[in-house]
Structures are given as structure tokens and as C-alpha cells.
Amino acid sequence: MTYKATITNRVLEHLVDLIDVPPSYYDLAIERYEALGRWFHREGSPLANLDPVVFSQGSFRLGTVIRALLARDEYDLDLVCWLMLSKSEVTQRALKELVGDDVKAYAKAKNLKAPPREKKRCWRLDYADKVSFHMDILPAIPNDEFIKEALLKAGVAPDEAVSAIAITDNTRPNYAVVSPDWPQSNPEGFAQWFGKRMRQAEMRHALHLVKQGAYASVQDVPAHMCKTILQRAVQFLKRHRDVMFNGQRDLKPISIIITTLAGRAYRGETDLFGALREIIAAMPSLIRNEEPRIPNPVNPDEDFADKWKSDPRLEQNFWTWHKRLGHDIERLADAASADELTQFIRRSFDLSVNKDDLFRFGAAATAATVDAAPRIHVKSQLQPWSDCA
């Protein structure tokens with residue numbers, strides 16, 4: 001790596017440290033969804049005999065959460081409430097109401113400030129204490145075996161296909177009738193896929209903590225103590241996106257598109273600057289001309305860019321952002337002075353740094369993914385460093 005690239009990498013690492021959330025946010029998220037999991041298993045719960053499993057999805061699951069751009073912004077904690085039921089014995093509506101009734105009882109028992117709100121697919125709980133979260137709880141049941149077999153035939157790995165689920169959607173015409181036709185999802189499979197992409201990078205920090213005697217083995221290192229280059233790259237991309245589209249958030253490139261394209265493009269680079277340049281360069285080749293434009297890697301029939309067709313501004317904004325992103329990465333490397341660089345960082349990333357900060361290595365990597373818990377609460381976390389012993 002050239003001297004310029006080394007300095008740019010240090011700057012990028014420091015910027016990601018600034019936008020990352022502290023481990024306490026992950027601890028709070030864990031506390032909240034574990035409490036909900038215990039509630040579903042309590043004596044007298046209508047869900048208890050249905051073997052409920054609560055697990056996280058989205059940015060907390062993947063370890064790509066970033067600090068809110070504005071103080072009034074909330075953090076999204078996306079959960080799945082999986083129940084042992086079949087499509088032949090329950091409707092989408094009945095499942096959603098079953099989970100919703102117990103979520104409402106939870107909110108009342110915990111004296112939450114507002115009752116749960118029903119969304120198209122989930123129930124939303126609002127918290128406003130130490131950190132402003134809203135928790136989206138998605139009801140789900142196991143998917144049919146023929147769906148999983150279809151995923152295998154489409155090239156999805158067995159360990160990813162097995163976790164496909166059926167979910168609810170109150171806009172579907174068969175929402176209130178017994179039917180085999182349910183919306184599909186696979187957040188756990190996506191997390192497994194993303195974890196495999198991360199494992200291309202060596203987790204030196206986890207090994208370092210073990211060598212220091214902080215943990216007995218890399219398997220014992222909590223997920224929120226390490227972060228991979230791919231996770232940090234996604235965080236950086238999301239921050240750049242948030243600043244660029246502040247004021248028109250409904251038209252910004254969505255996080256699942258950014259995360260998927262970054263995961264596909266990543267080739268195991270061990271420095272953030274190199275990874276970002278390669279990811280940005282590869283993105284256009286990963287967007288198809290025909291539908292699905294950006295396939296879900298664990299459900300190839302699902303198109304993460306499906307809304308581009310109904311609102312062409314979304315695709316236009318993606319390409320505008322991509323062009324600006326490539327330009328801004330090079331501007332970081334080519335700034336003529338520290339003053340120019342600090343001004344550019346403030347303008348493009350809404351971050352304040354001083355000259356000394358620009359040439360300091362970032363602090364140890366922070367929160368990665370939500371920690372594991374017993375089956376009653378959550379499925380296993382992403383620990384990509386566990387293969388590095």
C-alpha cells in the first residue's frame with residue numbers, strides 16, 4: 001500500500017469509528033428483545049406452546065448500524081417472532097393478530113408510552129428512554145419444504161435455504177384466508193450469506209484479544225468487540241448516503257441494496273480504502289438489466305430494486321449517489337491539505353475532525369452483531385472471526 005493510501009485508510013477508519021454506535025446500544029437492543037422473548041414464553045402466554053423464537057434481522061443483526069444523522073432520529077431494531085404453525089392451520093391475519101395481541105399486552109404490562117402500531121407486515125413498538133428505538137416485530141412461521149427445495153435448485157446454499165420463512169402482509173388478497181401462498185423472507189439466511197462474505201477477512205483483533213488474555217478463545221469474543229472490513233465499508237456507504245439524501249429520505253438508496261451489492265462486490269480486501277474502491281467499481285456490474293435487477297442472494301426471485309420500476313427517481317438517485325460516492329472517495333485521497341480535508345469531511349459526511357485526528361489510527365473495532373442467546377430469545381450471532389484460530 002502506498003503512503004497516500006495508508007493515510008487515506010487511516011482517515012476512513014477514523015470516520016467509521018465516529019459514525020459507529022457504542023457497544024451499549026447493542027447491549028440495550030439485546031436487553032429489549034430478550035425481554036420480549038421471555039414475555040412470549042411466560043406462563044399464560046398464548047404463544048408459549050408454539051415454541052416462539054425471537055431473533056434479530058437487519059443492521060443490528062449484521063453489525064452495520066450507524067449513528068443517527070439527527071438527534072431526533074430513531075434506531076430501527078427489526079425482529080422476527082417465529083412460531084411453530086403451518087399454512088394449513090392459520091391465516092396470515094390470524095397469525096398477525098395472535099402475535100399482535102401479545103405484543104399489546106407486553107406494552108401495557110411494561111407501561112410503554114404508546115400502544116403498538118400495526119404496519120403492513122409487522123407490529124411496531126416505540127421506546128423513548130436512554131436511546132430512541134422503535135422495535136418492529138415480524139410474525140413468521142416455517143416455510144414449506146418445496147419452497148426450500150426451490151431455493152436449493154436456484155443455487156442457494158443449504159444452510160441458507162433451510163431458514164426461509166413465511167411472513168404476513170395485510171395488503172395481500174389472500175391475507176384473511178387459509179392459503180399456501182404467503183410472502184417469503186429469509187433474514188437468517190441473508191445473515192449467514194453476509195457472514196460468509198465477511199469471513200474472507202482475517203479477524204486480527206479477535207486473536208489479539210485472546211493473546212492479551214481477555215478471552216480464552218476466539219469463540220468467546222463477543223460479537224460487539226470486533227468488526228470486519230466489509231461491515232465497516234457498509235457503514236461508510238450508508239453514512240455517505242444519509243448525508244447526501246438528508247431531506248429526501250424516502251428517495252435514498254435503501255440499506256439492503258447497499259449491503260447486498262457491497263457483500264457481492266467484496267473480495268476479502270484487508271484495508272478499508274481498498275475495499276471501498278473495489279466495491280464502488282464493481283457495483284454497476286452487479287445490477288442486472290432484466291428483473292430481478294438486484295436479486296436477494298438467498299431468494300433469487302426477490303428483487304431488492306423492485307420499487308425502481310414504480311418510481312424511476314429511486315434508480316436515478318442510486319446512480320447519482322454512486323457517481324458522487326466514487327468522486328468523494330478519491331477526493332479523500334487527493335486532498336491538498338489538512339484544512340481542505342477537514343472541510344470536505346464536514347461537507348460530505350457531516351463529521352467534525354481535527355488535524356491530529358486525521359492521522360491517528362482508529363480505536364479498536366466496536367459492535368458487530370447482536371449477541372447470541374438461548375433458543376428462547378435469539379438465534380446464533382455472526383462471529384466471522386471464529387474460523388481464524
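From a predicted model like this one, the values you see are computed outputs, not experimental measurements.
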Given the rule in the side chain to side chain contact (heavy atoms under 4.5 Å, CB included) test, do Leu351 and Arg346 qualify, once you have shown the distances and angles that lead to the verdict? CA-CA 5 Å; Leu351 295 170; Arg346 185 177 299 109; over 6 Å; no
Please report the C-alpha distance between Ile141 and Met84 in whole Å, then the side-chain angles of each, then the deciding distance to 0.1 Å, and finally whether the side chain to side chain contact (heavy atoms under 4.5 Å, CB included) criterion is met. CA-CA 6 Å; Ile141 61 175; Met84 181 56 78; over 6 Å; no
Working for side chain to side chain donor-acceptor pair (under 3.5 Å), residues Arg241 and Ser255: CA-CA 9 Å; Arg241 180 269 321 263; Ser255 294; 3.2 Å; yes
For side chain to side chain donor-acceptor pair (under 3.5 Å), just list the numbers for Gln231 and Thr228, CA-CA rounded to whole Å, side-chain angles, deciding distance to a tenth of an Å, and then say yes or no. CA-CA 5 Å; Gln231 287 168 310; Thr228 65; 3.2 Å; yes
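Contact annotation: the side chain of Arg239 never approaches that of Val16 to less than 4.5 Å [non-hydrogen atoms, C-beta and beyond]. Residues Glu31 and Leu28 have side chains in contact (heavy-atom distance under 4.5 Å, counting atoms from C-beta outward). At a threshold of 4.5 Å between non-hydrogen side-chain atoms, the residues Leu15 and Val353 count as touching. Side-chain contact between Ile66 and Asp242 is present, with heavy atoms from C-beta onward closer than 4.5 Å. Here the side chains of Phe245 and Asp250 are not in contact, with every heavy-atom distance at 4.5 Å or above. At a threshold of 4.5 Å between non-hydrogen side-chain atoms, the residues Phe194 and Thr260 do not count as touching. Here the side chains of Asn299 and Asp301 are in contact, with some heavy-atom distance below 4.5 Å. For the pair Leu95 and Leu85, the minimum side-chain heavy-atom distance is below 4.5 Å.
Salt bridge present: Glu290 and Arg288 bring a charged side-chain N and a carboxylate O closer than 4.0 Å. Salt-bridge formation is detected for the pair Arg232/Glu13: a Lys NZ or Arg NE/NH1/NH2 atom is positioned less than 4.0 Å from an Asp or Glu carboxylate oxygen. Here Asp306 does not pair with Arg293 in a salt bridge; the nearest charged N to carboxylate O distance is not below 4.0 Å. We find that Glu315 and Lys309 are not joined by a salt bridge, their nearest charged nitrogen and carboxylate oxygen being 4.0 Å or further apart. Between Asp169 and Arg93 there is no salt bridge, since none of the side-chain N atoms of the basic residue sits less than 4.0 Å from a carboxylate O of the acidic one. A salt bridge between Asp102 and Arg42 is present, with a side-chain N of the basic residue lying under 4.0 Å from a carboxylate O of the acidic one. Between Lys113 and Asp126, none of the side-chain N atoms (NZ, or NE/NH1/NH2) sits under 4.0 Å from a carboxylate O, so this pair counts as no salt bridge.
Identified under the side-chain hydrogen bond (donor to acceptor under 3.5 Å, both in side chains) test for residues 139-152, with sequence neighbours left out: Lys87-Asn143, Lys87-Asp144, Asn143-Gln184. For the ring pair (Phe, Tyr, Trp, His ring centres under 6.0 Å) condition, the pairs that include at least one residue of residues 286-314, sequence neighbours left out, are Trp308-Phe318.
Here the side chain of Asp303 pairs a donor or acceptor atom with the backbone of Ile294 at under 3.5 angstrom. Distance alone, capped at 3.5 Å, places no donor-acceptor pair between the Asn9 side chain and the Gly274 backbone. Side chain of His41 to main chain of Pro52: a donor-acceptor pair is present (N/O by atom type, distance under 3.5 Å, no hydrogens or angles). In this structure, the side chain of Asn174 engages the main chain of Asp181 through a donor-acceptor pair within 3.5 Å. Glu118 places no side-chain N or O within 3.5 Å of a backbone atom of Pro116 that could act as its donor or acceptor partner. Under a 3.5 Å cut-off, the side chain of Thr64 and the backbone N or O of Gln235 do not form any donor-acceptor pair.
For the residue pair Val99 and Pro139, the shortest heavy atom distance occurs at CG2-CB, 3.9 Å. Residues Ala140 and Val80 come closest through the heavy atom pair CB-CG1, 3.7 Å. Nearest heavy-atom pair across Ser45 and Phe40 is OG-O, 2.9 Å. Of all the heavy atoms in Tyr75 and Ala68, the pair that sits closest is OH-N, 3.0 Å. Residues Lys96 and Asn170 come closest through the heavy atom pair NZ-ND2, 3.5 Å. When all heavy atoms are compared, the tightest approach of Leu237 to Ala262 is CD1-CB, 4.1 Å.
Cluster annotation: Leu98 and Leu125 are assigned to the same hydrophobic cluster (Ile/Leu/Val/Met/Phe/Trp/Tyr, side-chain heavy-atom contacts under 4.5 Å, transitive).
Between Phe55 and Tyr33, the distance from one ring center to the other does not fall under 6.0 angstrom.
In this pair, Phe236 and Phe349 present their aromatic rings tilted. The plane angle is within the 30 to 60° band. A tilted orientation is assigned to the rings of Phe133 and Phe60, their planes being inclined by 30° to 60°.
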Please tabulate, for side-chain N and O atoms in residues 321-329, each donor-acceptor pair with protein atoms closer than 3.5 Å (sequence neighbours left out).
from	atom 1	to	atom 2	distance (Å)
Trp321	NE1	His240	ND1	3.1
His322	NE2	Ile280	O	2.7
Asp328	OD2	His240	NE2	2.8

